[in-house]
Structures are given as structure tokens and as C-alpha cells.
Amino acid sequence: MIIKRDGYLQQLVDSIGNGMIKVVTGVRRCGKSFLLMELFHDFLLSRGVSSEHILEVALDDLSNKVLRNPTAMLDFVKSQIKDNQPYYLFLDEVQLLTDFEEVLNSFLHIRNLDIYVTGSNSRFLSSDVITEFRGRGDEIRIHPLCFREFMAAYSGSEEEAWEEYVLYGGMPAIFSLPTAAKKSEYLKHLFRNVYISDIRDRHRIRNESELEELVDILCSSVGSLVNPLKLSHTFQSIKNRNIQPKTLRTYMKYMEEAFLMTSCKRYDVKGKHHINTPVKYYFEDIGIRNAWLGFRQMETSHLMENIIYNELKVRGCEVDVGIVNINTRDADGKHVRKQLEVDFVANLGNKRYYLQSAYAMPTFAKKEQEERSLLNIPDAFRKIIVSGDNFGPHLNEHGILSVGIRKFLLDPNSLDW
């Protein structure tokens, strides 16, 4: 099955001939190689580029082992360039190339060579490569399938697709697995034997059980504020293990570098500044999170919040958790300062959006609660409540847009309705 990734393909198209090394990054098995070696390759052919001008090397293929030597790779590429027309070089799993940084920088001196690479494993995770080329790297960040991409490839109803997406997430290989058991087995294997093993091997972690117990806690804390000091106390009180906050912070950094999850800082909307701790963590793919927990703890409200966060990142937004400080009175009539939360403050260029994720609003009081923080934001940027039904979109008298989750995710312009 061919799953179109048109947004990412367009980014590659827009980067053609820009004189930089194009680096396709993202969590392992999310479709980096397929994007480059299949979709982009076919695009170039459709635009009249001859196959002789597309040089592809899958360095994880044993038949290409000799090309892992830097001299052999340089000689091979130079031998393929026979005229002054543009050539396109695709290197998959570039970390297997010895001294790859020097080799790629050498390729930049070949004027008619356009360079594209992917790479990730325990020796080299994709977040590293963009820092290696001294400002000459152009990152194309790819994510697992968003719901819009998932739905385009799904053969059932929209409601059935949503139920499966919330459960198994958007790793492309899910579509090739015929049963729930196979999907579950694949995701569990991916998390433990690929992602965790990569982190362990790369950073030489001796006590893997500490890392796995931290993953347990973070998987159970989607949408909750996380503080390494409090986590350290949790390990001490519940598990009777003494793990320093610095160690926990380091482990969380490793997981972010592997694109397993992303930290989301808090932002004071009125004060216009970030608050560094505590933060929230969201998983790159909700399916691998669910699989790690054995598909227990399936609180749809938290899963929906994670999915909305991922959608905002797919759309290119910078995302924070918003806080709004207000002055009010307590039960005794005394003036108190209260902090309200906005689930997401999303910035895209000169636009800003405030979003609340509300799985259910069964009462007027609940609806009023979700609107309260939005109504106390003193600017005119778009304010949106995304609910768990298939409602809307509806704009109320306060200018707040309400919309159901599937409608929001399926329309790429839903932020600007």
C-alpha cells in the first residue's frame, strides 16, 4: 500500500537545489526512507529527471557495504556524475558511512549535486545530524501518520478509523498487519527492542530498569505536569529507589532526542514569558505509548489531548501549555490570584491560536469551565475548543470556535475557520 505524504513531499520539492544537505528526521519506522526513496524518487521521474541522475544508496543493504568506506563513497559518487545536469544523491541510513560528516561536506563542493540523507540507530539518532553541517543542513521533520493521512489510507468508516487510530496510532506498518494481536506485538517490539534498545546502547545505560520504570510513569502521565524532582520523590516513596533528578532529566532528554516524546513548556499568556518547570510530555505516536502499557489506562481525554498536540506539530506550529493568571474572590470574599490553564498556545508565523481539549462537556458548568481561561485572554487571536464528539464547527457570541475532534483533524485549514 502506498500512503501519500504530500505535505512532507512538498517540503522536499521546495528544497530542491537550495545548496544545503536535506536531512529527513523523525522517530524510527515513521516513513523517512519511503518518503525519500519512493515518493520523492517518483516525483523526480515525473518531472523528467532521468533515473541515471538519481543516485540511491541504502547503506543498510549488505551489498553496499563497501560504500560505507568514505573514500569508496566519494569515488563512487564522482564516477556517476558524467555531465553538468543536476544529480540527486539519496543516502539512507547515513550513519553507517564512516566519517559521514566529512564526506557530506565534501559533496557540497560538487555544484550539480543535490544531497538528501536519512539516518537513525543506536550510534546516530536523527536529531544529531542537523547539527553536524555548520548551518548547511536543511531539516525535513517527518512524523507518524496524522489522522488525515491515516483516514486517506483506511478502508472503513471515519468512526472506525478514529477508534483504531486512538488505539494503535499512526505508524505506517500498522496497515500491513491483519489482526489486533499482530499490531499490538509490532508496537511493543518497536518500543522495547528498537527505541529503548537504541537509547540504551547509544548512551551505555547500565540500569535499564530505571529507564523503563521512568517510561512507565511518563506513559501514565500524558497531559500532566512533570517535574524531575517530584519524579525522584515518587521513585523513593513508591518504588523505594533512589534516582537523582539529574539522572531522570538526562533520561528524558535521551527520549526527546530519539523523537519518542516531546516536552511542552508552560507559557504565561499575560506575562508573555516561559516557565521552564514543570513541563508536560506528549508521545510522538499514541500507539506505541498504549502498547507499552499493555493497552491499559486508555483515558480518551488524555489520548485526545496528545493527538491534538501532535497535529499542531505536524502543521508546523510551535506549541506551549498556556497559563492565565486572574484576580478573583474566594468563598469568604477575599481577593485571591488564580491560575487557569489553556491546553495549547500554538504559534505559526505571525498567527497564534489558543486551544482547549475537552473530550466531553455534558453540562453548562463544564462548558463554562473550558471557556473561562479563553475568555480571560486579552487579545483577539483565534480561540478554539476541540471536543470528543463530531460537532460543529460553531462560533459562539464570544468568538470561541467549538468543533469535534474528527472534523478538526481532517480539515487542514481548521485552525482558521
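Heavy-atom basis, side chains included; hydrogens, waters and symmetry copies ignored.
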So, does [X] use its side chain to make a donor-acceptor pair with the main chain of [Y] at under 3.5 Å?
| X | Y | answer |
| --- | --- | --- |
| R337 | N327 | no |
| K383 | F381 | yes |
| D285 | G170 | yes |
| R141 | V24 | no |
| D343 | S357 | yes |
| Y8 | H143 | yes |
| D114 | G17 | yes |
| T247 | I243 | no |
| D61 | V57 | no |
| S176 | A173 | yes |

State the [atom1]-[atom2] distance between [X] and [Y], to the nearest 0.5 angstrom.
| X | Y | atom1 | atom2 | result |
| --- | --- | --- | --- | --- |
| T300 | I405 | OG1 | CD1 | 11.5 Å |
| L55 | Y87 | CG | OH | 7.5 Å |
| H189 | E185 | NE2 | CD | 9.0 Å |
| M73 | S106 | CE | OG | 12.0 Å |
| M252 | I217 | CE | CD1 | 9.5 Å |
| Q85 | S50 | CD | OG | 8.5 Å |

Got a salt bridge between E213 and R241, using NZ or NE/NH1/NH2 to carboxylate O under 4.0 Å?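 So E213 pairs with R241 through a salt bridge.
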Would you call D198-R28 a salt bridge at under 4.0 Å N-O? yes
By ring-ring contact (aromatic ring centres under 6.0 Å, His included), which residues pair with H274, not counting sequence neighbours?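 H274: ring-ring contact (aromatic ring centres under 6.0 Å, His included) contacts with Y267.
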If the condition is ring-ring contact (aromatic ring centres under 6.0 Å, His included), which residues does Y154 pass it with, not counting sequence neighbours?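 With sequence neighbours excluded, Y154 shows a ring-ring contact (aromatic ring centres under 6.0 Å, His included) to F150, given in chain and number order.
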Return the orientation label for the F191 and Y195 ring planes: parallel under 30°, perpendicular over 60°, tilted otherwise.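 F191 vs Y195 ring planes: perpendicular.
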Can you tell me how the ring of F90 sits relative to the ring of Y116, calling it parallel under 30°, perpendicular over 60° and tilted otherwise? perpendicular
Establish, yes or no, whether the cationic atom of K183 lies under 6.0 Å from the six-membered ring centre of Y168 and within 45° of the ring axis.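 Geometry flag: set, cation within 6.0 Å and 45°.
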Are V94 and L91 side-chain neighbours, meaning at least one heavy-atom pair lies under 4.5 Å?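 With C-beta onward as the side chain, the pair touches.
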Do [X] and [Y] have side-chain atoms, one donor and one acceptor, less than 3.5 Å apart?
| X | Y | result |
| --- | --- | --- |
| N347 | Y353 | no |
| E101 | N105 | no |
| S373 | E341 | no |
| Y282 | E305 | yes |
| E371 | N396 | yes |

Return the set of residues passing side chain to side chain donor-acceptor pair (under 3.5 Å) with N413 (not counting sequence neighbours), or none when no residue passes. none
Would one find more than 12 heavy atoms of other residues, nucleotides or ligands at under 6.0 Å from atom CD of E318?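 Atom CD in E318 is not crowded, with 12 or fewer foreign heavy atoms closer than 6.0 Å.
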Given the rule in the side-chain hydrogen bond (donor to acceptor under 3.5 Å, both in side chains) test, do E93 and Q95 qualify, once you have shown the distances and angles that lead to the verdict? CA-CA 5 Å; E93 300 294 352; Q95 78 283 345; 2.8 Å; yes
Could I get the full list of salt bridge (charged side-chain N to carboxylate O under 4.0 Å, His left out) partners for R315, not counting sequence neighbours? E311
Under the rule for salt bridge (charged side-chain N to carboxylate O under 4.0 Å, His left out), what residues qualify as partners of K407, not counting sequence neighbours?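 Testing K407 for salt bridge (charged side-chain N to carboxylate O under 4.0 Å, His left out), a comparison that skips the adjacent residues, returns none.
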Please test S209 against E212 for side-chain hydrogen bond (donor to acceptor under 3.5 Å, both in side chains), starting from the C-alpha separation and ending with a verdict. CA-CA 5 Å; S209 64; E212 292 188 355; over 6 Å; no
Would you mind writing out the side-chain donor-acceptor pairs for residues 290-299 within the sub-3.5 Å range, not counting sequence neighbours?
{"from": "N290", "atom 1": "ND2", "to": "V166", "atom 2": "O", "distance (Å)": "2.9"}
{"from": "N290", "atom 1": "ND2", "to": "L167", "atom 2": "O", "distance (Å)": "2.9"}
{"from": "N290", "atom 1": "ND2", "to": "I286", "atom 2": "O", "distance (Å)": "3.3"}
{"from": "W292", "atom 1": "NE1", "to": "D216", "atom 2": "OD1", "distance (Å)": "2.6"}
{"from": "R296", "atom 1": "NE", "to": "L293", "atom 2": "O", "distance (Å)": "3.4"}
{"from": "R296", "atom 1": "NH2", "to": "L293", "atom 2": "O", "distance (Å)": "3.3"}
{"from": "Q297", "atom 1": "OE1", "to": "S220", "atom 2": "OG", "distance (Å)": "2.8"}
{"from": "Q297", "atom 1": "NE2", "to": "S220", "atom 2": "OG", "distance (Å)": "3.3"}

Could you please spell out the steps behind the side-chain hydrogen bond (donor to acceptor under 3.5 Å, both in side chains) verdict for D6 and Q10? CA-CA 6 Å; D6 290 343; Q10 188 60 51; over 6 Å; no
